[in-house]
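So the structure is just underneath, and the comments pick up after that.
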Amino acid sequence: MKHTLLLATCCCLLPGLAPAQVTAIRAGKLVDPDSGKVLSDQIILIRDAKIENVGKGIAIPASAAVIDLGRMTVLPGLIDCHTHLADGAHDGEPMGQFKKTAAQVALESVPNARAMLESGFTTVRDVGVYRALGDVALRDAINRGDIIGPRMYVAGAYVTISGGAGALTGLAPDIQLPWDLHYGEANSPWEVRKVVRQLAHDGVDHIKVLSSGAVLTHGSNPKSQEFTPEELQAAVDEASHFGLRVEAHAHSPEGIKNAIRAGVASVEHATMIDDEGIALAKQRGTYLDMDIYDEECIQEGGKKGNVPKDFLEHDAQLGQMQRDNFRKAVAAGAKMSFGTDAGVCAYGTSGKQFAFMVKYGMTPMQAIQAATSNAADSLGHSDLIGSIKPGKYADIIAVAGDPLADIRILENVQFVMKDGKVYKQ
Ligand SMILES: [Zn+2]
């Protein structure tokens, strides 16, 4: 009663401020990745966008809207740490970007964001875009409520050497690219610092560097190293001045180790990581973000003729090697997050990676932690996302059945809430 009065007073003092929206979720089962436990018969109280309380037998205010998930398993919203939502209707050929205006690419990206959210991924770390800053615009449109999508943490552009893994390559040397198709190119520690400074000013949330060649880039060799240790150190140091973390794309063993030694938060792909690299990652607390499912889509696309031939040649043997190294890294106890390279496989299908993570050595709880509490930690946002705890965003999903008994249940998320708002029920 006291509370109601207080609320009424607040409303009188601040005309125009809507009263808080209170929602209560009854969760039959609730997965807590922080403790690695499954709790039963929990009540989650949500006030506006944040979780206010969670536990057994919590009193539900009379004014609360009640959502009954008593027969469901409730989990924190999933986090994909490696997506590319802002590349439009990406068809596997980077040169496709030349056939579209930036506006076309931006509008084609709208359904990508929606598919991601509706599949249960309430947060993504989007790790690069061909047309610079398209991801910033997509993030801001979602945050304004103009379009539907996950909470996005964006990179703005690929920070890459000229002709490198993050560059648009394969063109005649006399073709000049427009600014937004080579915004992140840098070829010395000071050029790296300049690009990082520009991106920080543009409002990015983290920095993506490319430390080795790539599979899905023309003229690239994933077994090579690209940025030097000095350039990688410059990226990490300069980013830290703006409070930004750095993630490094790296397939080759030396590219991976250079990035870890430079102090990146995570290594993306980590395909050819060797024993020394795994030990280094463990010692430095570097997350390994290994996209071990998307090989299925590269091979499938190859059969249909949708993947350029040189990409398939780069990819030969690397797919299985990455999965075997994933198993080694899990066994060694390295920190692992969940990243799929969404865009290689269709948007909305990231959940398919869970079964592969379990097949290659994780327990179902470890796979869930990779996509929740570990992912949040890797992004530096454990205070906001990654588990259902007071003070965090009300990013909550539910599935029918027990994902700890059958992880593939996470491929079919039936309830999605983000910021306290229901997007799928
Ligand atoms: Zn990627």
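Read the numbers this way: they start at 1 and go in the same order the structure lists the ligands and their atoms. Nothing fancy with the numbering, it's 1 onward along the sequence. Small disclaimer: the values here were computed from a predicted structure and weren't measured.
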Is the ring pair H269/H251 parallel, tilted or perpendicular, if the boundaries are 30 and 60 degrees?
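Parallel, since the angle between the ring planes stays under 30°.
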If the test is salt bridge (charged side-chain N to carboxylate O under 4.0 Å, His left out), which one of K50, K418, R151, K389 qualifies with D395?
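Considering K50, K418, R151, K389, a salt bridge (charged side-chain N to carboxylate O under 4.0 Å, His left out) with D395 is found only for R151.
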Within D341, is some N, O or S atom less than 2.8 Å away from the Zn ion (ligand 1)?
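Looking at D341, which is the residue asked about, there is an N, O or S atom under 2.8 Å from the Zn ion (ligand 1).
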With a cut-off of 2.8 Å, does H249 place any N/O/S atom under that distance from the Zn ion (ligand 1)?
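No N, O or S atom of H249 is closer than 2.8 Å to the Zn ion (ligand 1), so no.
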Would you say NZ of K223 has more than 12 non-hydrogen atoms from neighbouring residues, nucleotides or ligands within 6.0 angstrom?
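12 or below, so no.
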Examine the side chains of D324 and Q320 and answer whether a donor and an acceptor come within less than 3.5 Å of each other.
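Present: a donor and an acceptor within the cut-off.
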Which atom of H82 approaches the Zn ion (ligand 1) most closely (N/O/S)
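Relative to the Zn ion (ligand 1), the closest nitrogen, oxygen or sulfur of H82 carries the name NE2.
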